[in-house]
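Worksheet: one structure, shown below.
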Amino acid sequence: MPGDTLIITQVGDSLQLSDSLFHRQLASVPGHAVVNDNTRFFLVVLVFVLVIATPFFINWIRRRWLRNSRYRNARAHFEQYNEWLAEYNAYYKSLPPVMRQRFLERVAWFMAAKTFNCINPIAEEKMPLLISAASIQITFGLEKYQLDFFDTIYIMQQNYNYGRYEQPFEGHVNSNGIYLSWDNFVKGYEDYTDADNLGIHEMAHALAYVNFMLGTNDGQDPDFIKRFYAFSAVARPLFAAMQNGGTKLLNAYAATNYNEFWAVAVETFFEKPLHMKVEMPALYEAMCSLLNQDPLLPEKLREYIL
């Protein structure tokens, strides 16, 4: 979206010796004083490490328990989720039953790992579900699909102002999280043939951010990164041509920069797959290979990955 994403942040013994006798006796053993000092140092370091590490360990246990609890709760609502996704998400609706089950499992884990923060809209139960589904849709063929770098997804009702930018945002991604305007998100799935889908657009940015931000993180996928360079070998010349007025299939916003070309190309890949395959066959094939799926196939996946 305009100006959105910058990518590419103890019992006593029965026999006791007095303390003075105990220490004198041990001190008479050659080398014991050194061992005793080393032991004290080790204990001090161990205590220090435990003091520092314990809060992190407790927090890790709490987060893991909360995530598993959320996942179990989501699984209990699969029947309702199936109805909502079949109504709102054309991609999910087109899946065969076995792929729907895979999709729901991934959505449940994604929802369990994220915090959905409604800034001004009234929270609706289907919000986390539909937003998670947008992410799972583009990562359906990938092994790493949870965008682990991001903990929080922020939801606004309408376009919003951000930072010093004068032009309102529909959505954006930065190191703090993923931001979406709900009205625009819903609108994106109302017409699934116009290649204008905020959810897919921002999740495409988020996927690139996780894999190409500075530094390493748990969400990075070496296989995806490797394939992305092969994708870019095809996409970069098309992007350059578009900046010079070529190709009318992709939205003109794709010419803004290569990050936006990527996000718009993903939108078009899912919402106008046949058009892209006919008009831009090399780009379509490169995208299929990169995401390990083909939207024109009933089961979507090219190669099944658990």
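- Between the side chains of Tyr92 and Asn82, at least one donor-acceptor pair of N or O atoms lies under 3.5 Å.
- Within the 4.5 Å cutoff, the side chain of Phe224 has no heavy atoms near those of the Phe231 side chain.
- Between the Thr268 side chain and the Val264 main chain, a donor and an acceptor come within less than 3.5 Å of each other.
- Classification of Glu143 and Arg227 as a salt-bridged pair fails, no side-chain N sitting under 4.0 Å from a carboxylate O.
- Between Phe212 and Tyr229, the angle of the ring planes goes over 60°, which puts this pair in the perpendicular group of the 30/60° scheme.
- Side-chain contact, Asn174 with Tyr162: a donor N or O sits under 3.5 Å from an acceptor N or O.
- With hydrogens and angles left out, the side-chain atoms of Asp221 and Asn211 include no donor and acceptor closer than 3.5 Å.
- When the side chains of ILVMFWY residues are joined at heavy-atom separations under 4.5 Å, either directly or via intervening members, Val278 and Leu297 end up in two distinct hydrophobic clusters.
- Considering only heavy atoms from C-beta on, Asn251 stays 4.5 Å or farther from Glu267 through its side chain.
- No cation-pi contact links Lys114 to Phe116, judged by a cut-off of 6.0 Å to the six-membered ring centre and 45° from its axis.
- Annotation: side chain of Tyr209 is not in contact with side chain of Leu147 (no heavy-atom distance under 4.5 Å).
- Here the CG atom belonging to Asp196 is positioned 7.5 Å from the CD atom belonging to Glu271, to the nearest 0.5 angstrom.
- Aromatic rings from Tyr284 and Phe269 are positioned such that their centres are separated by under 6.0 Å.
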